[in-house]
Colleague: 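First the structure, which I've put down as structure tokens, then a few questions once you've had a look.
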Amino acid sequence: MSDLLVNLNSEQLQAVSLPPQHALILAGAGSGKTRVLTTRIAWLIQTGQVEPSGVLAVTFTNKAAREMLARLSAMLPINTRGMWVGTFHGLANRLLRAHWRDANLPQLFQILDSADQLAAIKRLLKALNVDDEKFPPRELQHFINGQKEAGLRAHAVEAWDDYTRRRVELYQEYEAQCQREGVVDFAELLLRSYELLERHEPLRRHYQSRFRHILVDEFQDTNRLQYRWLRQFADEGREGAAAMFCVGDDDQSIYRFRGADVGNMRDFEREFRVANVIRLEQNYRSHGNILDAANAIIRNNANRLGKNLWTEQGEGEPIRVFEGYADVDEARWVVEEIGQLVRDGMSRSDIALLYRSNAQSRVLEHQLFSSGIPYRVYGGLRFFERQEVKHALAYLRLIANPDDDTSFARVVNFPTRGIGARSQEALTDAARTFNASLYSTVPHLSGKPGAVLAGFVRLIEDLRRDTAKLPLPELVDHVLDTSGLRAHYRNEKEGQDRLENLDELVSAAANFLAEIGPPEDPDADHALLADFLAHASLEAGDHQAEAGADAVQLMTVHSAKGLEFDVVFATGLEEGLFPHENSLLETDGLEEERRLMYVAVTRARERLYLSFAQSRMLHGQSRYNLKSRFLEEIPETLLKWLTPQRAATMPGNTYFRPSAASPAAAPPPRRRDDGGLRVGQLVGHARFGQGVIVATEGAGSDARVQVNFGAAGVKWLLLSVAKLEVA
DNA sequence: ATTTTCTATATTTTT
DNA sequence: TATAGAAAAT
């Protein structure tokens with residue numbers, strides 16, 4: 001037996017060494033998913049069952065792809081360059097670059113990231129004089145991407161109402177604009193390559209016979225188009241076709257809002273007649289109590305393929321629960337606790353603070369900062385998304401492809417060179433009538449606009465000529481100087497960081513060059529530049545981070561997926577926040593929130609803290625929330641309350657009912673003083689259940705209180721009418 | 001062309 | 001609260 005297979009448990013071993021048949025691996029959190037995937041590839045190659053070139057391995061993130069390649073080269077003495085390992089979008093890009101003519105694209109086509117796409121849509125609406133109140137650009141973007149992910153071109157979309165008919169027209173116009181400009185968005189990468197193979201049978205046959213093993217990571221996060229894309233390579237699962245090996249966890253599907261469709265797992269099982277469904281249920285990450293809590297939570301979901309994690313490790317510590325009066329108290333407690341952990345010898349980087357939404361990081365950051373504890377926040381602007389970098393990239397893109405109107409519009413007057421709104425409008429109108437790109441329309445323009453714009457075109461032409469033979473980093477450097485970007489930021493008061501980022505872009509170009517080696521086609525001018533630009537679009541770069549330092553990790557639960565920490569604080573466990581109130585309106589929204597909670601809990605190795613606060617500042621005002629229902633789903637026996645637990649159910653029948661008829665009766669009229677009805681007070685209602693008082697108003701028989709009943713909504717109740725129980 | 005003032009809006013976000 | 005984007009003022 002190969003030494004690759006030692007130290008695998010029996011299910012892992014079974015999965016890794018499966019015959020070339022379709023397989024679905026249901027891999028629970030911390031069950032060794034990545035290990036199984038990479039070992040499977042290594043084993044197939046080492047046993048001579050497949051050549052490296054016969055492997056197609058797909059991941060969602062560049063990080064995951066890089067990690068897979070790194071692990072593979074550690075396991076096998078092979079050159080990984082012939083292997084197709086990458087993200088869906090990266091591989092689609094690779095395909096389209098190789099067959100750009102057949103795909104009806106310019107050789108140096110550019111890739112729009114989400115922000116570029118939005119800008120392109122806004123520009124389109126403006127050019128067509130469409131009211132962007134009626135057709136909000138973001139909504140249109142979502143619509144277009146949704147259609148593409150369903151595999152539908154504009155002509156194939158069924159529209160039953162005028163509104164949708166118009167949106168379809170705009171989808172059509174958007175496509176025409178992209179085609180004219182030689183740009184493709186993320187969804188287009190997939191759809192275009194899918195259609196290419198569908199239309200081009202010899203090409204399809206070629207890839208179908210080349211790839212013998214297709215392996216997919218995070219399969220629960222695939223969208224419909226991605227699934228069909230994969231199915232095409234596997235020849236729809238026909239006899240003799242490639243074997244599909246899909247690894248995923250339906251319980252960790254948390255990207256439905258981005259088009260992910262867990263249904264792909266069931267469809268895969270059915271359509272490919274998958275005989276091998278293997279469950280990896282042994283968890284190597286967390287202690288027993290943590291796993292028990294995770295299992296207890298996820299058990300409440302109805303739509304599951306079914307799985308129960310277990311561990312050989314002991315039950316470990318209880319799960320600690322803290323209730324704060326306000327978000328500030330919660331944050332203060334978190335920071336104190338961290339201080340203690342660090343004093344006990346724990347590394348700060350082994351501690352994670354998780355929250356549902358980014359806005360919640362502020363209070364935590366504030367407390368950490370005042371205590372002088374180093375921390376690192378994930379999320380926010382990434383390198384290639386920064387304004388100055390985007391501007392620089394726009395110049396580079398114009399060199400590679402002058403028809404890219406998005407880039408043209410972005411920098412035609414940045415730095416300002418006297419090309420104001422009037423000139424730009426004249427150009428847009430002319431381009432529209434010529435049905436040509438902005439760049440190519442400039443020579444047709446006369447008068448003052450014509451003159452100033454010609455100056456800009458000359459700048460780009462000069463840049464293209466002067467950089468044609470320059471190595472990539474020097475090319476970038478030259479553009480930064482000649483475009484005037486560097487000078488602009490030098491003169492800006494707060495421009496220092498931006499200048500540094502521009503320098504960083506030159507380094508990024510150098511790194512890129514070093515990584516990919518010599519260009520494949522040295523004759524094509526700027527081919528390397530186009531590759532670099534694709535890289536910039538497909539990999540937005542690391543979130544800003546002071547790497548190296550031993551810092552506490554702050555991130556949303558979403559970005560924590562796939563990570564693990566010795567100690568995890570899951571904060572803000574409140575109704576309305578987690579589960580988020582918006583999710584309750586969506587079908588199956590609550591189940592997705594619960595999966596999110598499951599992800600949060602399973603990040604912890606040794607110690608898990610769960611916390612919530614009675615009041616929290618949100619959008620500038622205090623909100624009063626109930627504790628999250630997910631807390632109630634964890635058996636009490638696993639918990640250790642660090643604060644006294646407030647009654648979960650109302651004791652007895654202590655009705656509180658002020659009555660105008662008998663003002664002197666038992667419940668005193670001055671409720672504020674006696675611990676009766678205060679803001680933040682927990683109350684019970686026969687129909688709406690448990691709630692928390694958010695506001696009070698009026699007095700005597702007019703006295704009203706506003707109560708947040710969580711799922712049942714926020715209600716105003718007249719005290720003289722409503723029966724309220726007081727805890 | 002640039003600055004200021006206002007107004008709407010506020011989950012999550014691998015590519 | 002804070003931020004982005006638009007409208008208005010300079």
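Every chain is numbered from 1 and lettered A, B, ... according to where its sequence line falls, protein lines coming before strand lines. Being a predicted model, the structure only gives us computed values, none of them experimental.
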Colleague: For DNA chain B, list all stems, counting runs of three or more consecutive pairs where every pair is Watson-Crick or G-U wobble with both distances under 3.5 Å.
Modeller: B:1-10 with C:1-10
Colleague: Base, sugar-phosphate alone, or nothing: which one does Phe186(A) contact when heavy atoms must sit under 4.0 Å apart?
Modeller: base
Colleague: Have a look at Gly418(A) and say if it touches a base, only the backbone sugar-phosphate, or nothing, with a 4.0 Å heavy-atom cut-off.
Modeller: sugar-phosphate
Colleague: Could you tell me how far apart Arg256(A) (CZ) and dT14(B) (P) are, to the nearest whole angstrom?
Modeller: 19 Å
Colleague: Have a look at Ile419(A) and say if it touches a base, only the backbone sugar-phosphate, or nothing, with a 4.0 Å heavy-atom cut-off.
Modeller: sugar-phosphate
Colleague: Heavy-atom count around Arg138(A) CZ within 6.0 Å, excluding the residue itself: above 12?
Modeller: no
Colleague: Mind checking whether His558(A) and Phe257(A) have parallel, tilted or perpendicular rings, split at 30° and 60°?
Modeller: perpendicular
Colleague: For Asp327(A) and dT1(C), give me the distance from atom CG to atom P, rounded to whole Å.
Modeller: 13 Å
Colleague: Just the rounded figure in Å: distance from P of dT14(B) to CD of Glu539(A).
Modeller: 12 Å
Colleague: Indicate syn or anti for dT12(B), taking the glycosidic torsion and treating anything within 90° of 0 as syn.
Modeller: anti
Colleague: Is there a side-chain contact (heavy atoms from CB on, under 4.5 Å) between Leu197(A) and Tyr207(A)? Walk through the geometry before answering.
Modeller: CA-CA 9 Å; Leu197(A) 293 184; Tyr207(A) 284 108; 4.1 Å; yes
Colleague: Roughly how far apart are Leu631(A) CG and Leu626(A) CG, rounded to 0.5 Å?
Modeller: 11.5 Å
Colleague: When all nucleic acid strands are considered with a 4.0 Å heavy-atom cut-off, which category describes Asn62(A): base, sugar-phosphate, or nothing?
Modeller: sugar-phosphate
Colleague: Could you walk me through whether Asn625(A) and Arg616(A) pass the side chain to side chain donor-acceptor pair (under 3.5 Å) check?
Modeller: CA-CA 8 Å; Asn625(A) 297 314; Arg616(A) 179 176 297 276; over 6 Å; no
Colleague: Separation of Asp131(A) atom CG from dA6(C) atom P, in whole Å?
Modeller: 13 Å
Colleague: Just by distance, do the side chain of Asp404(A) and the backbone of Asn401(A) share a donor-acceptor pair under 3.5 Å?
Modeller: no
Colleague: Between Phe578(A) and Phe630(A), how do the two ring planes meet: parallel, tilted or perpendicular, split at 30° and 60°?
Modeller: perpendicular
Colleague: Charged N to carboxylate O under 4.0 angstrom, Glu175(A) versus Lys148(A)?
Modeller: yes
Colleague: Quick one: label Thr416(A) by what it contacts on the DNA or RNA (base, sugar-phosphate, nothing), any heavy atom closer than 4.0 Å.
Modeller: sugar-phosphate
Colleague: According to ring-ring contact (aromatic ring centres under 6.0 Å, His included), who are the partners of Phe369(A), at least two apart in sequence or on a separate chain?
Modeller: none
Colleague: Starting at the 5' end of nucleotides 5-13 of chain B, put B wherever the base has a protein heavy atom under 4.0 Å, S where only the sugar-phosphate does, and a dash everywhere else.
Modeller: -----BBBB
